[in-house]
There are 2 protein chains.
Amino acid sequence: MRPTVHDIAERAGVSLATVDRVLNGRPNVRGVTRARVEAAIADLGYVRDVAAANLAKGRVYSFAFILPAGDNPFMRTLEAEVRGIERQVSADRIRVGISVVPPFDAGRLADAIDAAVAAGVSGIAAVAVEDDAVVAAIDRAKAAGIAFVTLVSDIAQSARDHFAGVDNMAAGRTAGSLMARFLGDRPGPVAVLAGSMRLRDHRERLEGFAARLGAGRVLLPVLEGQDDPARAQALVGDILKRTPDLAGLYSLGAGNAGLVRALAEAGGEALVVIAHELTPETRAGLSSGLIAAVLNQDAGHEVRSAVRVLKARADGVPLHAAQERIRIDIFVNDNLPPEAGQSGADVSSVPE
Amino acid sequence: MRPTVHDIAERAGVSLATVDRVLNGRPNVRGVTRARVEAAIADLGYVRDVAAANLAKGRVYSFAFILPAGDNPFMRTLEAEVRGIERQVSADRIRVGISVVPPFDAGRLADAIDAAVAAGVSGIAAVAVEDDAVVAAIDRAKAAGIAFVTLVSDIAQSARDHFAGVDNMAAGRTAGSLMARFLGDRPGPVAVLAGSMRLRDHRERLEGFAARLGAGRVLLPVLEGQDDPARAQALVGDILKRTPDLAGLYSLGAGNAGLVRALAEAGGEALVVIAHELTPETRAGLSSGLIAAVLNQDAGHEVRSAVRVLKARADGVPLHAAQERIRIDIFVNDNLPPEAGQSGADVSSVPE
DNA sequence: CAATTTTTGATTTACGTACATCAAAAACTG
DNA sequence: CAGTTTTTGATGTACGTAAATCAAAAATTG
């Protein structure tokens, strides 16, 4: 069926050894011969059998995922997805390691990247923090021939191969136009709860949101909750008290456990709330009607996409860009995916 | 690293040949011996190296996709995705064939299934038509040990292994609650444009929609456009003329090219329109503001999921149910994925 | 217990590729 | 043209599994 190295050798009129030299870029092949072999490869449409090659090489892909510590539920979901994917891809000779570093600590992140490089991994995926030290570490990794994917949060000016995450400006715009549609003609100002305006993701979401909210709508000064549930609860409780005619609230960061508690206490019915990331807390908010919509980036997709891209880079194989695009999911109470069971419980085994 | 058949043989104190007999269910192994080998397998946590096994077997998976003909854009997208996935999985020794049968023709569909079985494929994915002949054909395929996945449209009472598609009742509910939120207090009745009430998918979507629309809202009698753009255009144009106070319109089937034309002609601003499936037509409707939201099932996900499930079944390997769930996507003008280029143009090649 | 059947072991080949070794041939030196 | 270097061929082993063969050992039968 598919052509093999033997077919190439025959077609090019050379030995197997020479084909091997050409295929694997080994020295001591004349230009003419190399051209003949390459022509045969092109003619026959040969593609290397990666499975057989890996078997022969005894190759084991080793990928490092570097994630921030802390109680941000989304990050913990991400970590769970990374752990979950490990068994799934072990069949493909892929090993996935995780290192957890303090959040927003560029120095420690850069160190973790360097450590992974030193450990000899063939690919790294990391939740990036915008910082020169991190950019330098990424560039060092790339210079060492290691594939690099930024996860969730990007640094476009670095040498990373790929970004596995969403367009946060578009996410903000989506939230803004949904908010505008949900509010309709209803009067009243809109509040925004963010983690910190020093985070690029949060700034971008806010910018997109404001652009789509509509000129006639008053946008209150941004509340910064540091992604901390307790602070978020205090801030939201306070603004609800002080702004009786508040029409909408956009929570573009984390700490939504506090948001939901504050909403439940206030018992405001008419308030339109839009939040980010589908977590147990926001899911509960959707179910109880306290939250109108949740924008989400699928952590599982991001992790799987990162692994696919890292593997493709390591194999030197092209990848389907379209499949690797991470979508901005909109969830309302009626299109919620079923709650994920405990890891391992969601495997259906085969009867026969 | 990972244990091999040699390790099992050593651990169980038997020869390689006996391990092979146990692993592949060959005869002539005493119960005691078989138990010893199985204990060793369990102890060591051995899992067969599928890549190596397939290499040795020279196995080629052959899957058949059976799709309806016609100009339904979603089905054509589905076909394009199937063709697109072919190269992608050829590296995994998977070959994917497509047969196109007349739409809604149960007899021809059943014949196509039987033909695929006769051709010796190891798995079949088909857009099912609810019919006893089809159920019987699926059951024959399963009896022949062939994996079967229903695609987009399910027949739950058949012996199929899996359904790769969305929960249409939930999709209808989602459309209903979005419609209710978008309309707010605005008065006026809501119309529904369906393909045919004989289709289960369409009935389910309507049922879910009506359930979430709210008691105070008048739902006009369903318009049946037979998924035909010309008919849809006529029906929508007519109802817009006859119902000046129409507040909302839910298009739950195909033929949306006609819907968009009728909307553009009428130029109604306030009308809230929700449609299904992201096609060039509905995308244009979103961009121009004629359509407020589009519910979508990702054809690419469905095809890839079907292939994964078929392969897992053929390998006798468990699969991650959570990953195979097809989501109900909500698209508004701001979270539209970039338009897919021509097939083949969306591959980014690797520099090195 | 001899004859027969079943079970087990030992060994080999194959899949498609990677990689190493050694000899032979060809191409360059001076 | 002898000597040197480069290029090429021939061959073997390995990866982890499948599958086949034949002999040896064990169990079962009458």
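Any value given below was found using the heavy atoms of this structure, including those in side chains, with hydrogens, waters and symmetry copies removed. Every chain is numbered from 1, with letters handed out A, B, ... down the list of sequences.
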Here the distance between atom P of D:dT6 and atom CZ of A:R21, to the nearest Å, is 14 Å
From the candidates C:dT17, D:dG16, D:dA18, the one with an atom nearest any side-chain atom of B:D49 is D:dG16
- Task: Give a yes or no on whether the backbone of B:S122 and the side-chain of B:S62 come within a donor-acceptor separation of less than 3.5 Å.
- Result: no
Rounded to whole Å, the CG-P distance (B:L16 to D:dT17) equals 9 Å
Is there a donor-acceptor pair closer than 3.5 Å between any side-chain N or O of B:D139 and the backbone N or O of B:A159? yes
Atom CZ of A:R34 and atom C1' of D:dT8 are separated, to the nearest Å, by 13 Å
So does A:V149 get a backbone contact from the side chain of A:D161, meaning a donor-acceptor N/O pair under 3.5 Å?
no
A:L55 CG to C:dA18 C1', in whole Å, measures 10 Å
- prompt: Which part of the nucleic acid does B:R59 contact within heavy-atom distance under 4.0 Å: base, sugar-phosphate only, or nothing?
  reply: nothing
If you compare every side-chain N and O of B:N28 against the phosphate oxygens of C:dT6 (OP1, OP2), does one of them come in below 4.0 Å?
no
From NE2 of A:H6 across to C1' of D:dA10 the rounded distance in Å is 12 Å
Per nearest nucleotide of DNA chain D, the residue lying toward the 5' end, B:A52 or B:D20, is B:A52
Practice problem: Could you tell me whether B:A17 contacts a base, only the sugar-phosphate backbone, or nothing, with contacts defined as non-hydrogen atoms closer than 4.0 Å? | Solution: base
In whole angstroms, the gap separating P of C:dT21 from CZ of A:R26 amounts to 12 Å
Practice item. Find out whether B:P3 and B:R11 are in side-chain contact, i.e. whether some heavy atom of one side chain is under 4.5 Å from a heavy atom of the other. Key: no
Of B:A56 and B:G31, the one whose nearest nucleotide on DNA chain C sits closer to the 5' end is B:G31
- [ ] Look at the side-chain N and O atoms of A:R30 and state whether any lies under 4.0 Å from the OP1 or OP2 oxygen of C:dA26.
- [x] no
>> Under 4.0 Å, heavy atoms only, any strand: does B:V50 hit a base, just the sugar-phosphate, or nothing?
In response: nothing
Taking only side-chain N and O atoms of B:T18, does any of them lie within less than 4.0 angstrom of OP1 or OP2 on C:dG9?
yes
What one should report as the nearest heavy-atom pair of A:L78 and A:L151 is CD2-CD2, 3.9 Å
Atom CG of B:N54 and atom C1' of D:dA19 are separated, to the nearest Å, by 15 Å
Rounded to whole Å, NZ of B:K57 lies from P of D:dG16 at a distance of 18 Å
